*Asks:* 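Structure provided below as structure tokens; questions to follow.
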Amino acid sequence: MPELPEVETTRRGIAPHLTGQPVVRVIIRQRRLRWPISDELEQVLSGQTIHAVERRAKYLLLRTDRGSVLLHLGMSGSLRILPCATPLRKHDHVDLELGSGYCLRFNDPRRFGCLLWTTDPPERHPLLCDLGPEPLESEFTATHLYTLARGRRVSVKPYLMDSHVVAGVGNIYANEALFMAGIHPARAAGRISLARYGTLADAVREVLTQAINEGGTTLRDFVGGTGEPGYFRQYLRVYERNRLPCRTCGEPIQLRPLGQRATYYCPRCQH
DNA sequence: CAACGGACCTGCCTGC
DNA sequence: TGCAGGCAGGTCCGTT
């Protein structure tokens with residue numbers, strides 16, 4: 001499910017219910033996520049008050065006075081705010097029960113997500129400290145993309161999805177941004193001009209902003225913190241449109257693997 | 001170093 | 001109807 005717009009949608013959905021709330025109880029039904037949930041999480045988090053819910057890349061950060069929860073939704077995770085007594089569904093692995101009587105419930109069928117506790121500033125955590133800039137902040141520029149690409153022969157699509165280059169651009173939005181910028185996904189990253197990287201950076205910003213405004217993209221099962229699906233799917237220009245006509249020129253959209261990921265593009269519009 | 005494949009999981013869809 | 005195989009929104013890690 002979740003790329004940056006889906007994580008941001010989740011953050012916006014859950015933040016008002018978490019901010020200022022004490023965690024009164026932590027219930028863990030399945031510790032085996034991508035990394036096992038540490039044994040002391042229940043102890044250390046119980047009684048703490050969440051004073052901010054932030055996002056870095058696709059990680060959500062729940063800040064307390066004694067440390068932060070670092071939460072990733074992986075491929076299939078979702079978070080919802082529910083009354084504590086809400087019956088469980090399959091794969092409801094963790095509840096954070098709040099002073100309000102509601103809980104934050106983490107569901108993740110594939111268990112590629114993670115839930116980590118850190119007492120260091122999260123930005124110094126090994127998982128976060130080497131990430132590239134946020135795509136919706138000012139450090140994400142044409143010059144940044146162009147400079148980092150010098151000498152790189154990797155295709156631009158996996159380059160754009162490299163979290164060290166820019167944080168949080170996943171498969172859907174990499175496909176969409178390259179289409180919007182008219183850049184062929186297999187073009188070598190090091191053979192794209194500064195001007196075209198400017199177009200690409202604009203396209204990344206535009207597609208992520210649009211998707212956030214629509215509550216993200218629901219392909220199968222994504223829901224934001226309020227339980228609503230995302231509505232951006234209807235605006236997808238190439239993703240999941242294999243052999244359907246290009247919305248610009250009518251040419252059939254092509255699908256091919258690139259760096260082990262499904263890559264959709266228009267062979268006429270993208271060069 | 002850069003680039004690639006494998007690993008971690010379940011669910012859903014297709015085709016035999 | 002059942003079952004095998006392939007594929008899925010992520011990303012770390014080990015090997016070339």
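Just so we're on the same page: letters track the sequence lines, and every chain starts at 1. Since the model is a prediction, treat every value here as computed from it, not as a measurement. What's counted below: heavy atoms across the whole structure, side chains too, no hydrogens, waters or symmetry copies.
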*Asks:* Take atom CD of A:E6 and atom C1' of C:dA8, then tell me their distance rounded to the nearest Å.
*Replies:*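 After rounding, the reported distance stands at 14 Å.
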
*Asks:* Taking 4.0 angstrom as the limit, do A:K58 and A:E6 come out as a salt bridge?
*Replies:*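 The answer is no: the pair does not qualify as a salt bridge.
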
*Asks:* Give a yes or no on whether the backbone of A:V53 and the side-chain of A:R11 come within a donor-acceptor separation of less than 3.5 Å.
*Replies:*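 A pair under 3.5 Å: yes.
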
*Asks:* Go through residues 144-156 of chain A and report each residue with a non-hydrogen atom lying under 4.0 Å from DNA chain B, sorted by number.
*Replies:*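 Nucleic-acid contacts, sorted: A:R152, A:R153, A:V154.
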
*Asks:* Write down the distance between OH (A:Y173) and P (C:dG10), rounded to a whole number of angstrom.
*Replies:*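 Going from A:Y173 (OH) to C:dG10 (P), I get 10 Å.
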
*Asks:* Between A:D95 (side chain only) and A:C103 (backbone N and O only), is there a donor and an acceptor less than 3.5 Å apart?
*Replies:*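 Such a contact is absent between A:D95 side chain and A:C103 backbone.
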
*Asks:* I'd like to check the side-chain hydrogen bond (donor to acceptor under 3.5 Å, both in side chains) partners of A:T9; sequence neighbours left out, ordered by chain and number.
*Replies:*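 For A:T9 there are no side-chain hydrogen bond (donor to acceptor under 3.5 Å, both in side chains) partners, ignoring immediate neighbours.
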
*Asks:* When we call it a touch if two heavy atoms are under 4.0 Å apart, what does A:Y59 touch: a base, just sugar-phosphate, or nothing?
*Replies:*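 Since only primed, P, OP1 and OP2 atoms lie under 4.0 Å of A:Y59, the category is sugar-phosphate.
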
*Asks:* Taking atom types as they are modelled, is there a donor-acceptor pair under 3.5 Å from the base of B:dT10 to the side chain of A:R111?
*Replies:*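 Donor-acceptor pair under 3.5 Å: no.
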
*Asks:* Look at all strands and tell whether A:L33 reaches a base, only sugar-phosphate, or nothing, counting heavy atoms closer than 4.0 Å.
*Replies:*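 No contact.
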
*Asks:* Can a cation-pi geometry be assigned to A:R150 and A:Y146, taking NZ or CZ under 6.0 Å from the six-membered ring centre and within 45° of the ring axis?
*Replies:*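 Verdict for A:Y146: a cation-pi partner in A:R150.
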
*Asks:* Between C:dT11 atom C1' and A:R56 atom CZ, what is the distance in whole Å?
*Replies:*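 From A:R56 CZ to C:dT11 C1': 15 Å.
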
*Asks:* To the nearest Å, how far apart are A:M161 CE and C:dA8 P?
*Replies:*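 For the pair A:M161 CE and C:dA8 P, the rounded distance is 11 Å.
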
*Asks:* Just compare C:dT11, C:dC12, C:dA8 and give me whichever is closest to any side-chain atom of A:R261.
*Replies:*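 The answer is C:dT11.
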
*Asks:* Specify the separation, in whole Å, of atom CZ of A:R256 and atom C1' of C:dC7.
*Replies:*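 So the CZ-C1' distance, A:R256 to C:dC7, works out to 19 Å.
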
*Asks:* Taking only nitrogen or oxygen atoms into account, show me every contact under 3.5 Å that the protein makes with nucleotides 11-14 of chain B, one pair per line with its distance.
*Replies:*
residue : atom : partner : partner atom : Å
B:dG11  : OP1  : A:K90   : NZ           : 3.2
B:dG11  : OP1  : A:H91   : NE2          : 2.6

*Asks:* Take the protein atom CG of A:L116 and the nucleotide atom C1' of C:dG10, then report the distance between them rounded to whole Å.
*Replies:*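 In whole Å, C:dG10 C1' lies 14 Å from A:L116 CG.
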
*Asks:* What side-chain donor-acceptor pairs closer than 3.5 Å can you find for residues 120-138 of chain A, not counting sequence neighbours?
*Replies:*
residue : atom : partner : partner atom : Å
A:H125  : ND1  : A:L127  : N            : 3.0
A:E134  : OE1  : A:R55   : NH1          : 2.8
A:E134  : OE1  : A:R55   : NH2          : 3.4
A:E134  : OE2  : A:R56   : NH1          : 2.9
A:E134  : OE2  : A:A57   : N            : 2.6

*Asks:* Using whole Å, report how far CG of A:L70 lies from P of C:dC12.
*Replies:*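 In whole Å, C:dC12 P lies 11 Å from A:L70 CG.
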
*Asks:* Are any side-chain N or O atoms of A:H93 and backbone N or O atoms of A:D108, one a donor and one an acceptor, separated by less than 3.5 Å?
*Replies:*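 Between the backbone of A:D108 and the side chain of A:H93 there is a qualifying donor-acceptor contact (under 3.5 Å).
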
*Asks:* So A:T10 and A:F222, side-chain contact (heavy atoms from CB on, under 4.5 Å) or not? Walk me through it.
*Replies:* CA-CA 10 Å; A:T10 298; A:F222 170 74; 3.6 Å; yes

*Asks:* Just how far, in rounded Å, is P of C:dA8 from CG of A:L258?
*Replies:*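 Distance, rounded to whole Å: 13 Å.
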
*Asks:* Within the modelled atom types, does a donor on one side and an acceptor on the other bring the side chain of A:Q260 and the base of B:dG5 under 3.5 Å apart?
*Replies:*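 Under the 3.5 Å cut-off, the side chain and the base do form a donor-acceptor pair.
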
*Asks:* Classify A:Y239 by what it touches in the nucleic acid, base, sugar-phosphate, or nothing, heavy-atom distance under 4.0 Å.
*Replies:*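 Sugar-phosphate contact only.
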
*Asks:* Are there runs of at least three consecutive Watson-Crick or G-U pairs touching DNA chain B, with each pair's two distances under 3.5 angstrom? Give them by first number.
*Replies:*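 Stems found: B:2-8 with C:10-16, B:10-16 with C:2-8.
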
*Asks:* Does C:dG10 have OP1 or OP2 under 4.0 Å away from a side-chain N or O of A:H72?
*Replies:*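 Result: no.
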
*Asks:* Out of A:Y173, A:Y239, A:Y235, which one pairs with A:T217 under the side chain to side chain donor-acceptor pair (under 3.5 Å) rule?
*Replies:*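 Testing each of A:Y173, A:Y239, A:Y235 against A:T217, the sole residue satisfying side chain to side chain donor-acceptor pair (under 3.5 Å) is A:Y173.
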
*Asks:* Could you note down all residue pairs passing side chain to side chain donor-acceptor pair (under 3.5 Å) where residues 246-255 of chain A supplies at least one of them, sequence neighbours left out?
*Replies:*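 Passing the test, one end in residues 246-255 of chain A: A:E251-A:R268.
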
*Asks:* If we require ring centres under 5.5 Å and near-parallel planes under 30°, does A:F112 stack on C:dT11?
*Replies:*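 Taking the rule of under 5.5 Å and under 30°, the ring of A:F112 does not stack on C:dT11.
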
*Asks:* Is the backbone N or O of A:I212 less than 3.5 Å from a side-chain atom of A:E8, with the two atoms forming a donor-acceptor pair by type?
*Replies:*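 No, because the side chain of A:E8 does not come within donor-acceptor range (under 3.5 Å) of the backbone of A:I212.
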
*Asks:* Quick one: does any side-chain atom of A:D162 pair with a main-chain N or O of A:H164 as donor and acceptor, under 3.5 Å?
*Replies:*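 Between the backbone of A:H164 and the side chain of A:D162 there is a qualifying donor-acceptor contact (under 3.5 Å).
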
